[in-house]
Amino acid sequence: MKLKNQFFYTLRQEAADEDSVSSNLLVRAGMIKKSSSGVYMFLPLGLRVLKKIEDIVREEMINAGSQELLMPSLIHEEIYEKSGRAAAFGPSIFKLNDRYERPYVLGPTHEELFAIAAKMKVNSYKDLPFNIFQFQNKFRDEPRPRFGLIRVREFIMKDAYSFDKDMEGLDESYSKMFEAYKNVFDRLGINYVIVKADTGAMGGHLSEEFQAVCDIGEDILVMCDNCDYASNLEVAEVVSENSEKGVEVEIEEIHTPNAKTIGELEEFLGIHGENFLKTLVYKVDGELIAFVLPGDRQANEVKIGKMFNALTVELPEPEEIEQGTNGVVGYMGPIDLGIKVVADTSVINNKNMITGANKKDYHIKNVSVPRDVKYAMSGDISNIKEGDKCPNCGGNIVFKKGVEVGNTFKLGTKYSKALDLTYAAADNTLHPVVMGSYGIGIGRTMAAVVEQSNDESGIVWPMNIAPYKVYIVVIKNTDEAQMEAADKLYSELNALGIDCILDDRKERAGVKFKDAELIGIPIRVTVGRGISEGKVELKKRTGGDMEEVAVTDIVAKIQEIVKNA
RNA sequence: CGAGGUGUGGCUCAGUUUGGUAGAGCACUACGUUCGGGACGUAGGGGCCGGAGGUUCAAAUCCUCUCACCUCGACCA
């Protein structure tokens, strides 16, 4: 591309309405522009990056045996009713009516449509397995879009779906996709980890997430400092030592005025958090249930939801709790609370604990869980903490933050059953098809790369996905020798398939250098006064010194850098 | 959905308290000087101040309603 008369601009100042490094740089580089909250335009330069990421993903998907197709965005709401996901997605789903008031949605994800499409093809076990994918815009009405392309309401996702006759087949299809995903993120040069995750609204048996490690990540990655254990916080198992703690003594009431939180109690009594029983009331599918866990741990709503196979787990309003239980908010305790109590596994043997007295300004001490707490169920309902023991090897748990750029689900038969996608086995009996689904957020991946790869001058694109590989700066566009040499280099590189920008604008050199750096082009060639001696200058975006290179060698040199990148 | 904040030229912002003919920097145009790391000078162009009502002789400024965006929380594949 020759810059003159192209849709190309850069901004010198940060955008007022962007909140992350990546979104600011992408906006300043003229690659994207916010259109409304959580909705972005992709401008020419940004679109090139997006397409390059798509190309890599597409290549790996096809290599893994998947076929590309394209589904609509506009979908009858009915099919999400059938699968039960209209409720699961709730208000995140964009809804609209057609002129006859028939309800439609803008597809938030496409398991249903793919299952329906698969019915066209699948009759017999001989029709399985197969795998199909698409790049398509998804719509999710996020309560709070943020971080530029990272959490948006309309986004391009590559979604693939596998169809198998049984779990063994799914395992095989799944591992093919899993390998393809590793190839994709390796080629993109992303620093990522793969973690076990919650299946959430997707349902199914297993979910793993590909998480780009970076500080603005909204997911907490639970890692072990000793082995390769990696999990999303949502599902990381807490290994309870289950040891007995303390001796049994008579319960005693203690006066604790205005000490409502564990923190306040710790200060008031001078006792550490783990000696308290924290009692939280959640509304699980509408029912108030109390959860008892150690004072120094956070409740895990995903685990709670799973325990009850619930659609919603929410914290009720304080008034609602006090109406529905015998407790007083701030002084809640599990004894005689009047509702179902669930105990975290780690507390069921504890004695000599402090908990709320269900009475304003009072707590009770010497509570023995086995003796005093009548719990209906127990299980792992808390979040793992840094410093906890690794469930795998006993090493120490550490946290990192991640952006989920890809995920893989073993769906099983959830959608095939709901939508009646069945096949005839060899014995002529009907069985539901076993499905898997596999997503990669293309725009989010683009943002994650920028988030991980930038410096004070701007973006640093990896060679693979840079919008252009070479940026040719012509110092003086009125100098014929310079223009001629630059033009020649430009056409030679293009002929070799090395896409480049020729900056032929009437700008001062400094402006061109700054722009080249801001938009992150990996190689910069400067054609300037050295041309009289047959020399140009070469500089890599990733650093290193500027190098003088003979015009006759420059193409070969660039080819080499591109090849070795 | 709760709390708070912001909407003024393409961009980043001042002006609003105390009503009186719309400003700055960057960007843009012309000319001159400069010319290898976001140049300088001079002269210009461009905004009915998010929108709708209202108060007033007079509203960017005060009042009411509304829309959009942002932050924190709730929520979130």
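A, B, ... follow the sequence lines: proteins, then strands. Residue 1 opens every chain.
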Using the C1' atom on both, measure B:G47 against B:C63 and round to a whole Å. 25 Å
With rounding to whole Å, what would you report as the distance between B:G19 and B:C62 at their C1' atoms? 8 Å
When we call it a touch if two heavy atoms are under 4.0 Å apart, what does A:E517 touch: a base, just sugar-phosphate, or nothing? base
Counting only side-chain heavy atoms from C-beta out, which of B:C75, B:U12, B:C69 sits nearest to A:S36? B:C69
Candidate nucleotides B:C69, B:G38, B:C28, ranked by approach to the side chain of A:V511 - the nearest: B:G38
Between B:C28 and B:G10, how far apart are the two P atoms, rounded to whole Å? 15 Å
Can you check the A:I93 CD1 to B:C75 C1' distance for me, whole Å? 16 Å
From the set B:C26, B:C72, B:C13, return the single nucleotide nearest to any side-chain atom of A:R12. B:C26
To the nearest Å, give me how far apart CD (A:E314) and P (B:G2) are. 16 Å
Keeping A:T261 on the side-chain end and A:E264 on the backbone end, is there a donor-acceptor pair under 3.5 Å? yes
Determine the contact category for A:R28: base if any of its heavy atoms lies under 4.0 Å from a base atom, sugar-phosphate if only primed atoms, P, OP1 or OP2 are that close, otherwise nothing. base
In whole angstrom, give the distance that lies between atom CD of A:E404 and atom C1' of B:C76. 12 Å
In this structure, CG of A:N137 is separated from CE of A:M71 (nearest 0.5 Å) by 15.0 Å
Between B:G53 and B:U42 - P atom distance, rounded Å: 43 Å
Evaluate A:D380 against A:S382 for side chain to side chain contact (heavy atoms under 4.5 Å, CB included), listing each step before the verdict. CA-CA 6 Å; A:D380 173 15; A:S382 67; 4.2 Å; yes
Base, sugar-phosphate, or nothing for A:S92, non-hydrogen atoms under 4.0 angstrom? nothing
Expressed as a whole number of angstroms, how long is the span from A:E142:CD to B:A74:P? 15 Å
Looking at A:T10, I'd like to know whether one of its side-chain N or O atoms comes within less than 4.0 Å of OP1 or OP2 on B:G38. no
Donor-acceptor pair under 3.5 Å: do we get one between A:R505's side chain and the base of B:G38? no
Go ahead and name the base partner of B:C62; Watson-Crick or wobble counts if both distances stay under 3.5 Å, otherwise write none. B:G54
For B:C72, does either OP1 or OP2 sit under 4.0 Å from a side-chain N or O belonging to A:R144? yes
Regarding A:Y174 and A:E208, is there a side-chain donor-to-acceptor distance under 3.5 Å anywhere? yes
note: A:K506, atom NZ; B:C28, atom P; distance rounded to Å ~ 11 Å
Whole-Å C1' distance, B:A60 and B:G73: 32 Å
Looking at every strand, decide which applies to A:S207 at a 4.0 Å heavy-atom threshold: base, sugar-phosphate, or nothing. nothing
If you measure from the C1' atom in B:A58 to the same atom in B:U18, how many Å do you get, rounded? 16 Å
Rounded distance in Å between the P positions of B:G4 and B:G44: 47 Å
Please tell me which of the listed nucleotides, B:U71, B:U34, B:C13, lies nearest to the side chain of A:R508? B:U34
Among B:G38, B:U71, B:G25, which is the nearest nucleotide to the side chain of A:D19? B:U71
Backbone N/O of A:M1 and side chain of A:Y490: donor-acceptor pair under 3.5 Å: yes
Mutual orientation of the aromatic rings belonging to A:Y192 and A:F185 [parallel < 30°, tilted 30-60°, perpendicular > 60°]: tilted
Tell which nucleotide pairs with B:G73, taking only Watson-Crick or G-U wobble pairs whose two distances are both under 3.5 angstrom. B:C1
Between P of B:G38 and CG of A:L518, the distance in whole Å: 15 Å
How is A:K34 classified with respect to the nucleic acid when contacts are heavy atoms under 4.0 Å: base, sugar-phosphate, or nothing? sugar-phosphate
Heavy atoms under 4.0 Å, any strand shown: does A:G530 hit a base, just sugar-phosphate, or nothing? base
Who is the Watson-Crick or G-U wobble partner of B:A24, with both distances under 3.5 Å? B:U12
Could you check how far CG of A:L315 sits from P of B:C75, rounded to whole Å? 6 Å
Between B:G25 and B:G20, how far apart are the two P atoms, rounded to whole Å? 22 Å
Taking pairing as Watson-Crick or G-U wobble with both contacts under 3.5 Å, can you name the mate of B:G32, or confirm there isn't one? B:C40
Derivation and outcome, side-chain hydrogen bond (donor to acceptor under 3.5 Å, both in side chains), residues A:S20 and A:S23: CA-CA 5 Å; A:S20 63; A:S23 57; 2.7 Å; yes
